[in-house]
Amino acid sequence: MKRPDHKTPLPSLRAIPAVEKILQSLGAMDLPRPAVVAVVRRELGALREEKTIPEFSAVLARVHSALDDLRRAKIQPVINGTGVILHTNLGRAPLSGAVVETLASVAANYNNLEFNLATGERGERAAYLEHNLALLCGAEAATVTNNCAAALVLILRHFTAGGRKQVVISRGELVQIGGGFRIPEVLEASGAQLREVGTTNKTSLGDYAKAINHKTAMILKVHRSNFFMGGFVEEPATEELAALARRKRVPFVEDLGSGATIAIEKVAAIEHEPTPAEVLKRGVDLVCFSGDKLLGGPQAGIIVGRRTRIAALKREPFFRALRCDKLILAALQTTLDAYLSGSADADLSESSKRKLPTPVLEMLAVSSEDLRLRAEKIIAVLNGLPIKAAIGEGKAQLGGGTMPCSAIPSVTIDLQPTGLALSEFAARLRRATSPVIGHISGNRFKLDLRTVFPRQDGELIEGILSAVRLASP
Ligand SMILES: *Cc1c(COP(=O)(O)O)cnc(C)c1O
């Protein structure tokens with residue numbers, strides 16, 4: 001037992017409760033016992049430091065609150081009412097039912113990951129996936145890594161492994177993507193030397209040509225996925241750069257980032273996004289892009305392009321450190337199957353939108369009229385409760401650092417609870433059984449229905465009801 005500190009007298013002579021006593025009072029918990037014990041110990045330790053010992057019920061409340069925080073940090077489903085389709089904080093692309101089924105069966109069983117069922121011998125990892133990926137992208141060959149950042153690092157390390165270290169890149173493309181991913185830093189971390197050319201707004205073919213010498217390892221083009229430039233701007237056509245690269249015998253790589261493999265402008269009223277197939281046709285040797293952005297699959301980095309280049313990348317010892325897990329490969333395989341068996345670009349018309357290959361594309365395609373009908377139904381349920389609800393106009397976005405100019409007209413539910421601060425209402429929705437994430441704007445709490453699955457409407461209503469009921473005692 002610790003002696004009370006006489007310099008700062010305690011408000012009472014209460015003792016710090018015993019861990020066991022608190023655990024007993026907590027009762028059955030939905031968290032692993034060692035995790036609960038650790039939290040209890042930490043909170044009691046903090047009380048000891050603070051040298052104030054509240055009543056037992058207050059200690060218990062404090063422990064409960066710490067346990068709630070821990071529980072909420074668990075990865076769990078949430079309802080995305082932000083209208084940002086590829087929300088990096090919310091796990092980017094949700095996967096289709098077919099992908100989930102594949103995951104369940106592959107995860108629960110052994111599988112032929114590296115086993116050739118035809119010969120009964122060791123087989124090639126992801127052979128089917130790579131075959132179909134190349135087909136979808138109009139490429140000679142394809143492979144995958146953990147994410148697009150890893151793909152880029154692999155490519156940079158590979159081409160700068162010899163004496164030639166310089167990577168030629170336009171100053172207009174030295175971008176930052178999301179948190180902590182800056183092209184110049186990734187380059188340097190990969191052992192490459194940055195050889196910037198041109199200016200922020202203008203880079204000419206001549207700028208590239210002048211920079212290429214015996215130290216040049218490759219030319220890199222980075223798709224400006226999360227911002228746009230207008231006005232006094234210039235850059236050479238990809239075809240011209242490709243011709244230059246061929247003439248100078250240096251590899252030419254493009255980091256496409258978002259990677260739409262179909263004509264995205266036919267799915268929703270947004271601008272065209274270059275596809276890997278188009279970029280390869282323009283003469284780029286290798287293209288990399290993300291699996292969980294516009295492609296709408298699991299997190300992965302996809303590399304497509306020349307057969308010899310892909311084969312060489314796969315022989316890199318470092319490739320082993322970046323390879324995907326069987327679950328990712330299985331999920332990606334089913335995602336690609338859905339694209340290949342789906343409708344061709346030419347008939348991505350209204351009638352065939354129902355058969356879109358991924359939830360991401362479905363969310364993009366759904367009409368505002370459909371969203372409005374759902375909004376009306378939800379609002380009808382809230383009638384008579386201490387909350388004002390109205391239908392608003394939303395601007396959904398692709399997000400995830402893709403297509404900054406494309407705002408997709410959407411429908412929001414605008415909520416104003418009576419006698420409850422909006423920030424508190426938002427916090428209660430985040431604490432709901434199915435946490436609901438929206439945003440506050442113009443003194444309303446807004447939920448964009450484009451990113452809420454219709455099957456979640458019931459849970460969404462439940463969440464709002466519970467947040468409001470808490471409000472009225
Ligand atoms: C998003 C993005 C990346 C990073 O992709 P991850 O799959 O998240 O690693 C790289 N380059 C560009 C241009 C991007 O848009």
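In listed order, ligands and their atoms are each counted from 1.
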Taking the cut-offs as 6.0 angstrom to the six-membered ring centre and 45 degrees off its axis, would you call R455 and F453 a cation-pi pair? yes
*asked:* Would A150 count as being in polar contact with ligand 1, using the rule that some N or O on each side must be under 3.5 angstrom apart?
replied: no
Checking heavy atoms under 4.0 Å, the part of R92 that sits near ligand 1 is side chain
>> Evaluate S258 for polar contact with ligand 1, using N/O atom pairs at a separation under 3.5 Å.
In response: no
Fill in: Nitrogen or oxygen atoms of D292 and ligand 1 under 3.5 Å apart
no
Short version for K293: what comes under 4.0 Å of ligand 1, heavy atoms counted, is side chain
Practice item. Flag this pair as yes if the NZ/CZ of K221 is under 6.0 angstrom from the six-membered ring centre of F252 and inside a 45 degree cone about the axis; otherwise no. Key: no
Here the atoms of ligand 1 under 4.0 Å from any heavy atom belonging to H223 are 13 (C)
Report the C-alpha distance between D30 and R71 in whole Å, list the side-chain angles of each, state the deciding distance to 0.1 Å, and finish with yes or no for salt bridge (Lys or Arg N to Asp or Glu O under 4.0 Å).
CA-CA 9 Å; D30 55 352; R71 187 182 296 110; 2.9 Å; yes
Inset, instruction - Using a strict cut-off of less than 4.0 Å between a Lys/Arg side-chain nitrogen and an Asp/Glu carboxylate oxygen, indicate whether E424 and R431 qualify as a salt bridge. - result: yes
Hits for side-chain contact (heavy atoms from CB on, under 4.5 Å) against L373, two or more places apart or cross-chain, chain-then-number order -> E376
Decide whether an N or O pair under 3.5 Å exists between L256 and ligand 1. no
_T412 (side chain) donor-acceptor with D448 (main chain) under 3.5 angstrom_ = no
